[in-house]
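The next block holds one structure in the form of structure tokens; read it before the comments.
Whatever order the structure lists ligands and atoms in, that order sets their numbers, starting from 1. Computed from heavy atoms alone, side chains included, the values below leave out hydrogens, waters and symmetry copies. Numbers here simply count residues along the sequence, with the first being 1.
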Amino acid sequence: LSTRASTILSAVGIPAESELPGVYHGEWVGSGDVLESVCPTTGEVLARVRSASPQELQTALGKSREAYTWFRMLPAPKRGEILRQIREALAAKRDELGALVSLEMGKIKTEGTGEVQEFIDIADYAVGLSRMMNGRVVASERPGHSILEVPNPLGVIAVLSAFNFPVAVYGWNLALSFAAGNATLWKPSPSTPLCSIAVTKIISGVLENNGVPGAVAGLVTGGKDVGEAVIESKDVDMVSFTGSEAVGRQVGKVVQSRFGKVLLELGGNNAAIIMPDADLDLAVPAVFFGAVGTAGQRCTTTRRLYLHRHIAPAFIERLQKLYSSIRPGDPLEQGTLLGPLHTRAAVGIYSGAVDRLRKEGAQILSGGSSYQGLAKPLDGGNFVMPTIAVPKSVNIKDAVWSQETFAPVLCVGVFDELEQAIAWNNGVPQGLSSSLWTRDLRNVGKWIGPAGSDAGIVNVNVGTSGAEIGAAFGGNKSTGWGRESGGDAWKEYVRWGACTINFSDEAPLAQGVQFSS
Ligand code: NAD
């Protein structure tokens with residue numbers, strides 16, 4: 001193992017063993033298929049992890065259920081206190097974990113650390129929430145009656161997560177699920193097992209100190225087979241799935257067919273719209289970050305750019321200048337803005353998308369190929385050039401506009417009226433994030449109103465990516481309608497009971513119904 005990698009792994013307590021156990025349910029086990037964690041920057045194999053065998057998965061599910069039965073009786077503020085300790089333990093390892101995210105996923109260090117910060121933030125939020133997960137008292141039409149809406153812990157929540165946020169997505173789910181009194185079982189992406197092992201070790205240490213069963217925050221690493229077995233299991237009350245549209249469609253069907261609860265956070269195809277009165281000093285760098293940040297591998301990455309005709313040439317010129325300034329580098333090095341794609345396969349997807357654009361007559365203004373001949377050790381990495389393309393027309397049903405390519409490819413179209421740009425923004429199947437740049441209040445009113453953006457995130461003078469934890473996060477339409485993190489998202493992680501209580505000496509029926517002769 002390179003020194004670069006071994007220093008980071010040892011700092012987060014991952015031993016340099018030939019095979020690591022990838023299942024935690026109170027103890028660490030693992031005898032299923034081997035997962036390889038490959039560094040996207042260098043191609044180096046970082047570790048081999050033994051995923052969950054079918055038997056180990058069943059054991060983990062059983063232990064999660066037992067853990068839930070115990071944990072649900074712990075008062076919510078007490079759960080909050082343990083969550084506070086988890087928050088502290090994560091904060092103590094923030095930089096080390098951030099470096100691990102950068103090493104294993106490939107995003108630049110400040111984004112890796114930012115992801116851990118997001119977990120810390122949502123933990124803070126959920127600590128507060130643990131004293132505020134209130135139900136309601138509802139006025140009853142019957143004398144001497146009260147109606148309560150009561151939240152109770154839901155059960156076992158399985159979190160299936162994507163490679164691109166190997167820490168934060170679990171954090172959003174765990175924090176709310178934990179405060180709500182559930183047992184959470186995490187099935188991370190098979191290509192980022194080390195992040196999940198490191199995070200689970202930190203959390204399990206806190207649970208142990210507090211005498212809480214480890215399976216309250218369990219882990220089952222594995223690929224498609226493990227994922228399928230988890231979502232099919234009747235032991236899982238809710239599946240929170242973050243990933244692609246194609247897999248999410250399957251997951252939604254499977255969980256629905258057994259009447260489980262499902263929360264879907266799927267792909268995005270996010271547009272930024274630039275009006276003629278926009279402040280370009282702000283808009284150009286924001287589009288640059290939105291399109292190129294995380295090498296185009298955020299669900300909220302800016303993939304479509306709609307420019308008003310009056311500012312289009314100036315905007316493009318300034319954006320191209322930024323694109324031409326970018327250099328690929330080790331994401332762990334300070335100053336690097338462009339890391340690699342996460343896998344070799346993603347390079348193929350990127351090339352396929354660029355080829356299709358060329359074939360359909362698009363103009364490629366920047367980028368358009370992968371990097372060749374990089375110096376060691378980057379020559380083993382998956383580096384591609386951020387690309388700006390201008391397709392021949394904005395035919396919104398065409399694949400180049402309507403599909404999510406999970407790579408830094410930005411398609412540009414030119415419009416004359418805001419209404420046209422909003423129609424293009426809304427004309428795709430996905431509905432995650434969207435961004436309008438204007439100083440005109442009338443445009444803002446249109447954009448956030450009934451005839452405005454139909455996405456779950458509707459920003460003004462803020463780019464498509466980089467959400468805070470306070471608001472509910474998620475998308476509409478084929479993005480799956482799920483909401484996580486802040487806002488009212490916690491209400492999904494509990495079971496609600498409407499309890500009508502009769503304190504009187506009569507037993508009247510509602511609506512004045514009489515049922516006695
Ligand atoms: P993916 O769909 O390939 O995998 C996601 C998870 O599903 C992984 O844990 C995988 O092992 C598991 N899985 C695969 N097949 C399965 C099956 N048949 N049954 C059950 N589980 C299965 O996604 P990915 O490539 O890891 O992530 C990229 C995608 O995730 C992009 O589309 C991106 O937009 C999306 N994403 C969305 C959000 C959001 O909040 N909306 C956030 C991050 C990523």
Any chance the rings of Tyr306 and Trp401 have centres within less than 6.0 Å?
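Between Trp401 and Tyr306, which both carry aromatic rings, the centre distance is below 6.0 Å.
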
Give me the residue, atom name and distance of the protein heavy atom closest to [atom].
{"atom": "atom 32 (O) of ligand 1", "value": "Glu404 OE1, 2.7 Å"}
{"atom": "atom 14 (C) of ligand 1", "value": "Val247 CG1, 3.7 Å"}
{"atom": "atom 33 (C) of ligand 1", "value": "Phe406 CE1, 3.4 Å"}
{"atom": "atom 19 (N) of ligand 1", "value": "Glu228 CG, 3.5 Å"}
{"atom": "atom 5 (C) of ligand 1", "value": "Thr242 O, 3.6 Å"}
{"atom": "atom 7 (O) of ligand 1", "value": "Phe241 CE1, 3.1 Å"}
{"atom": "atom 44 (C) of ligand 1", "value": "Asn164 OD1, 3.1 Å"}
{"atom": "atom 27 (O) of ligand 1", "value": "Ala162 CB, 3.2 Å"}

From the candidates Gly227, Ser161, Ser191, Ala229, the one that places a heavy atom nearest atom 9 (O) of ligand 1
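Among Gly227, Ser161, Ser191, Ala229, the closest heavy atom to atom 9 (O) of ligand 1 comes from Ser161.
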
Among Gly248, Pro166, Cys299, Gly268, whose heavy atom sits nearest atom 39 (C) of ligand 1?
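Ranked by closest heavy atom to atom 39 (C) of ligand 1, first place is Cys299.
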
Does atom 30 (O) of ligand 1 have any protein heavy atom closer than 4.0 Å?
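Yes, there is a protein heavy atom closer to it than 4.0 Å.
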
N/O of [X] under 3.5 Å from N/O of ligand 1, yes or no?
{"X": "Lys187", "result": "yes"}
{"X": "Leu266", "result": "yes"}
{"X": "Ser244", "result": "yes"}
{"X": "Phe163", "result": "yes"}

Could you walk me through whether Glu111 and Arg298 satisfy the salt bridge (charged side-chain N to carboxylate O under 4.0 Å, His left out) test, starting with their C-alpha distance in whole Å, then the side-chain angles of each, then the deciding distance to 0.1 Å, before giving a yes or no?
CA-CA 11 Å; Glu111 290 189 57; Arg298 287 194 187 214; 2.9 Å; yes

How would you list all residue pairs meeting salt bridge (Lys or Arg N to Asp or Glu O under 4.0 Å) that involve residues 33-44, not counting sequence neighbours?
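Listed once each, the pairs are Glu36-Arg48.
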
Would you call the rings of Tyr170 and Trp186 parallel, tilted or perpendicular if under 30° counts as parallel and over 60° as perpendicular?
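Parallel.
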
For His342, what residues pass the ring pair (Phe, Tyr, Trp, His ring centres under 6.0 Å) criterion, not counting sequence neighbours?
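Counting only residues at least two positions away or on another chain, His342 forms a ring pair (Phe, Tyr, Trp, His ring centres under 6.0 Å) with Phe163.
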
Determine, for Phe165 and Lys107, whether the Lys NZ or Arg CZ falls below 6.0 Å from the six-membered ring centre while staying within 45 degrees of the axis.
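Judged by the rule, Lys107 and Phe165 form a cation-pi pair.
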
As a quick check of understanding, evaluate salt bridge (charged side-chain N to carboxylate O under 4.0 Å, His left out) for Arg483 and Glu492, giving each step before the final call.
CA-CA 8 Å; Arg483 292 296 184 274; Glu492 290 300 317; over 6 Å; no

Is there side-chain contact between Trp28 and Thr200, with at least one heavy-atom pair below 4.5 Å?
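Side chain of Trp28 against side chain of Thr200, heavy atoms only: contact under 4.5 Å found.
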
Can you tell me which residue among Lys261, Arg65, Arg258 is in a salt bridge (charged side-chain N to carboxylate O under 4.0 Å, His left out) with Asp237?
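Only one of Lys261, Arg65, Arg258 forms a salt bridge (charged side-chain N to carboxylate O under 4.0 Å, His left out) with Asp237, namely Arg65.
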
List every atom of ligand 1 that sits less than 4.0 Å from any heavy atom of Leu160, numbering the atoms from 1 in the order shown and giving each element.
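So the atoms of ligand 1 that pass are 20 (C), 21 (N).
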
